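Naming convention: chains lettered A, B, ... in sequence-line order (proteins, then strands); numbering from 1 in each chain. Note: hydrogens, waters and symmetry copies are ignored here, and every other heavy atom, side chains too, is used. Computed from a predicted structure; not experimentally measured.
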Number of protein chains: 2
Amino acid sequence: MQISSRFSIGVHILSLLAIRPQDHHTSEWLAGSVGTNPVVIRRVLGHLKKAGLANVKAGSGGATLARELDEITLLDVYRAVDVVEEGNLFHVHEQPNPACPVGANIEQVLRLMMFKAQAAMEGVLAAVTMRELVDVLAREIEEKRAANG
Amino acid sequence: MQISSRFSIGVHILSLLAIRPQDHHTSEWLAGSVGTNPVVIRRVLGHLKKAGLANVKAGSGGATLARELDEITLLDVYRAVDVVEEGNLFHVHEQPNPACPVGANIEQVLRLMMFKAQAAMEGVLAAVTMRELVDVLAREIEEKRAANG
DNA sequence: TTCGTTGTAAAAATTATAGTTACAACTCAT
DNA sequence: ATGAGTTGTAACTATAATTTTTACAACGAA
């Protein structure tokens, strides 16, 4: 099964905050770009806020970045939105038979391998900052704008 | 969300076939070690069979390895049991607004990063063979046996 | 021909995601 | 202070995937 779109939505939100710093980023406005319901946005934004990545003003409304783009990695976002319980990307079957030598020992061996696989994946996310992603995105936008007029 | 336990069950099954080559591996027998229902075993075994990793005899019953342990990587098992549609570990939200510059371009940028992350994870799985895993497992079993008497 | 087994379908239980409605609490401009 | 617009959150619904379970036709070997 797939990793929840909360992650991609979180990245989308932070990108919007970065690229359009002057706008009033209400959940309604953000939802318009993401293509979902404002409540979904508020929930993701709640995670980002808790993780110290975004500020959200209650009442008058509007979200802003709480950190420099250089200081936010994709892993920060990934962890913030809680898509995978830490260290548990893989689900290991839960009742191996302890009376069978294989059943009694397979779990720890499997977890070791899975941990490495997961760490490699997270390492890539940790190596990419929102600054880099937003730069690529901005270039992408500019290129299309230049091409289409 | 987590990657289905079909993967860990698949590895468990192949380990049993390797470590106890003389036994009659019916789905009932395998289910006893894995701690699940025989039908679950038959389904996973069906995937392993289709991928050319295991042989299953209908009628009289019993599964065996269809390849040398050196020639089965964890990635082979991972792909065989179909836990993640190829290239889609991450779910990207599906209706970004094409009228918004960010909405129109975020998807392809995101997919690039996600592809790299996923490839890193799969690279680790590809680097581990069932031979290595079974060796670690056998050592584990032997150590415990020596310690407990 | 009988026994034990596989392959598979179908249904149920469980769990997570995602969308939606609703509303109290909050901020700010007037 | 009050009203308009917004957030935070709960609750409900719909959807989808997983896992377990029951059932049974087809199969293989003694």
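Relative to the axis of its first five pairs, the axis of the last five pairs of the helix from C:dT1-D:dA30 to C:dT30-D:dA1 sits at 20°, rounded to 10 degrees.
Closest to the side chain of A:Ser5, out of D:dT6, C:dA18, C:dT6, is C:dA18.
The side chain of A:Ser4 contributes no N or O atom lying less than 4.0 Å from OP1 or OP2 of C:dA16. Listed pair A:His91 / D:dT19 meets the phosphate criterion, a side-chain N or O lying under 4.0 Å from OP1 or OP2. Taking only side-chain nitrogens and oxygens, B:Lys49 never comes nearer than 4.0 Å to OP1 or OP2 of C:dT6.
Remark: the backbone N or O of A:Asn88 is paired with a side-chain donor or acceptor of B:Gln2 at under 3.5 angstrom. Although no hydrogens or angles enter the test, the distance criterion places no donor-acceptor pair under 3.5 Å between the side chain of B:Ser5 and the main chain of B:Ser8. Between the side chain of B:Arg6 and the main chain of B:Asp82, a donor-acceptor pair closer than 3.5 Å is present.
Side-chain contact between A:Leu16 and A:Trp29: present, with at least one pair of heavy atoms (C-beta onward) separated by less than 4.5 Å.
Per the geometry, CG belonging to A:Asn55 stands 14 Å off C1' belonging to D:dT7, to the nearest Å. Straight-line distance from the CD1 atom of A:Ile3 to the P atom of C:dA16: 15 Å, rounded to whole Å. Atom NE2 of B:His25 is separated from atom P of C:dT6 by 12 Å (rounded to the nearest Å). For the pair B:Leu30 CG and D:dT20 P, the computed distance is 15 Å after rounding to whole Å. Rounded to whole angstrom, the span from the CD atom of A:Glu94 across to the C1' atom of C:dT14 amounts to 12 Å. Whole-Å rounding puts the B:Trp29 CH2 to C:dT5 P distance at 13 Å. Remark: C1' of D:dT19 and CD of A:Gln95 are 11 Å apart, rounded to the nearest angstrom. In this entry the distance linking CZ of B:Arg6 with P of D:dT20 reads 12 Å, nearest Å.
Note that CZ of A:Arg111 and CD of A:Gln108 are 10.5 Å apart. Values are rounded to the nearest 0.5 Å.
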message: Is there a side-chain contact (heavy atoms from CB on, under 4.5 Å) between A:His91 and B:Ile3? Walk through the geometry before answering.
response: CA-CA 6 Å; A:His91 183 193; B:Ile3 292 172; 5.9 Å; no
- prompt: Can you list the steps and then say if B:Thr36 with A:His93 is a side-chain contact (heavy atoms from CB on, under 4.5 Å)?
  reply: CA-CA 9 Å; B:Thr36 184; A:His93 55 290; over 6 Å; no
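Applying the ring pair (Phe, Tyr, Trp, His ring centres under 6.0 Å) test to residues at least two apart or on different chains, the pairs with a partner in residues 55-84 of chain A are A:Phe7-A:Tyr78.
The only option from A:Ile41, A:Ile13, A:Leu17, A:Val56 that meets the side chain to side chain contact (heavy atoms under 4.5 Å, CB included) definition with A:His25 turns out to be A:Leu17.
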statement: Once base and sugar-phosphate atoms are separated, protein heavy atoms under 4.0 Å mark nucleotides 21-28 of chain D, 5' to 3', with B, S and - as BBB---BS
